[in-house]
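Side chains are part of it too, since the values below use all heavy atoms of this structure and drop only hydrogens, waters and symmetry mates. Proteins get letters first, then strands, A, B, ... in listed order; numbering begins at 1 in each. The structure displayed is predicted, hence computed values, not measured ones.
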Amino acid sequence: MVPAAIEPTRYSMLYAQILLNGLVLGGLYACIAVGFSLVWGVLNVINILHGSFVVLGSYIAYFAYVHLGIHPFLSVILAGGALFALGYVVQAGLINRVVGAPVLTTLVLTFGLDLILNNGMIVAFTADYRTVQLAHPLGSTVVGGLVLPLDRLVAMLLACVLTVILYFVLVRSSIGRAIVAVRMDREAAALMGVNVKRIYAITFGLGALMAGAAGSLLSLIFPISPLNGSEFLGIAFIVCVLGGLGSISGAIVGGLALGAIQSFGALLIGPQHGLTIAFVLLIILLIFKPTGIMGRRGYE
Amino acid sequence: MAEPFFQIKGLESGYGEIRVLWGVDLEVNRGEIVCLIGSNGAGKTTLLRTVSGLVKPAAGSVRIEGEELAGLECKDILSAGVAHVPEGRRLFRTMSVRDNLLMGAYLRRRDKSVDEDLERVMTMFPRLAERANQDAATLSGGEQQMCAIGRSIMSRPKLLMIDELSLGLAPRAVELLGESLVEINKAGVSILLVEQDVMTALDLAHRGYVLDRGRIVMAAPSEELREAPAVREAYIGAS
């Protein structure tokens, strides 16, 4: 009698824990994807560099912690600022030259730049996996039977805060309005006096900033290596397709969904297949609902 | 003789190898409403796009108060005081009516004067005030045109160029918009109006030009153009 009464609660606690883990991961995924989505939506550029930007952000956090003792939560500012500058220069100096060209042209350019950046990082930092070992980790706590991994949780909350800040910048600030205006109608925006190429550079910079910030937060969770770049890029891509392209709400919904799917998938068929499930789902979604969960049409 | 307020001289323009405008001369005096009429494909839209900097001219000059604009960037032409309401309104979807209007003031420092102008536009078009927080894409055609015109006067232009004021709109909406244009004009803004609806254009304008296959073929006060046999035959459908 007793085991039968306990079983259901034990299962529901297990599921709740897995959902929690998935959402924590998902919040970080949203932060990775939101910059990628912004750049794709506004510039119509599929930024292959995005994954390497995330990795670069992680390295900045790693070295800032190892050499300067700066906590990765604070390095978000450092990594975000550095990546914004890098993104701005790359767009203003290189991608702006071909930004009006078909998607394939810009794709090849960012692919080439990614090869340079990624291999540059391998040369500079080696491909060895590094981890940030915090001297004073927050550890974890148990609330109502659920284990809360505090470092991860704070990282996820910071990621959400950054995403919300980005949202308000886009909606409330003059630059943000100009970014949205350029996305909706480049020519009409130019007639309003918007310097479209400068807005492109700022947008690409913001995308890189979000990648760098996400990388900084992820340095606490994932081992750091240039080899992870392609995985982060894949995550950004899936989140965008899941949530619908170009909207911040889409990136959040897509990120959380991917985190949850991966967590439950790992439970059902083993942790090594978590990403496999995500990709299978991506293919199914592309076939049956290519507009994503949020249902908005993509860039036009 | 003093130089006219706004002057286009020998303007040649087009797209790539295709020449659309062949030496267009046109003037707008201070405080005037001037219309440019002509059939489809005559080059009216190209003329406005060239003046506002969306298309780079191949030759010729465009001057406002003596300042050369030909070849400048859109933002510099807007700063010089020439605003362009594009054909089809081209509002920013997903952005609210208020944000669309604020985009018109993008080059201005955000201070009290911007809020005052916003207030003025909302007073001129009460429908926009009612829908200030609504997505601009949900407006009716007439309201969209109000928003587009309001957006462009948020830049405080000296010359307002409007491409197809009446296209696709109900007669009543066109009438309202026409009254607003006269009001804007009386407040000191000169207007260059491009129209396919010749009667509407000539009712509003003091003078008119007829553009045909990239060349100005006639220029006269509105009353004269209305009576001109060539205009009546070609554009009004009466002989």
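- With rounding to the nearest 0.5 angstrom, the OG atom of Ser174(A) is 11.0 Å from the CZ atom of Arg109(B).
- Within a 6.0 Å radius of CZ in Arg108(B), more than 12 heavy atoms belonging to other residues, nucleotides or ligands are found.
- Few gaps surround CZ on Phe84(A); more than 12 heavy atoms of other groups in view lie less than 6.0 Å from it.
- Between chain B and the options Ala188(A), Ala181(A), Ala178(A), the largest number of non-hydrogen pairs under 4.5 Å is found for Ala181(A).
- Atom CZ of Arg19(B) has more than 12 neighbouring heavy atoms from other residues, nucleotides or ligands inside a 6.0 Å radius.
- Listed by sequence position, the residues of residues 114-134 of chain B in contact with chain A number zero, using a 4.5 angstrom heavy-atom cutoff.
- Nearest approach of Gly193(A) to Leu107(B), heavy atoms of both residues: O-CD2, 3.4 Å.
- We find the CG-CE distance between Leu102(B) and Met192(A) to be 12.0 Å, quoted to the nearest 0.5 Å.
- Around the OH atom of Tyr167(A), the shell of radius 6.0 Å holds no more than 12 heavy atoms that belong to other residues, nucleotides or ligands.
- Note that the CE atom of Met103(B) and the CG atom of Asp185(A) stand 10.5 Å from one another [nearest 0.5 Å].
- Val180(A) and Thr94(B) make their closest contact through CG1-OG1, 4.0 Å (heavy atoms, listed as atom of the first residue, atom of the second, distance).
- With rounding to the nearest 0.5 angstrom, the CZ atom of Arg183(A) is 12.5 Å from the CE atom of Met95(B).
- Heavy-atom neighbours of Leu94(A) CG from other residues, nucleotides or ligands within 6.0 Å: above the threshold of 12.
- Put simply, OH on Tyr106(B) and CD1 on Ile175(A) are 4.0 Å apart, with the number rounded to the nearest 0.5 Å.
- Ranked by heavy-atom pairs shorter than 4.5 Å toward chain A, the options Arg110(B), Met154(B), Arg49(B) are led by Arg49(B).
- Within residues 63-92 of chain B, the residues that have a heavy atom under 4.5 Å from a heavy atom of chain A are Cys74(B), Lys75(B), Leu78(B), His84(B), Pro86(B), Arg90(B), Phe92(B), listed by number.
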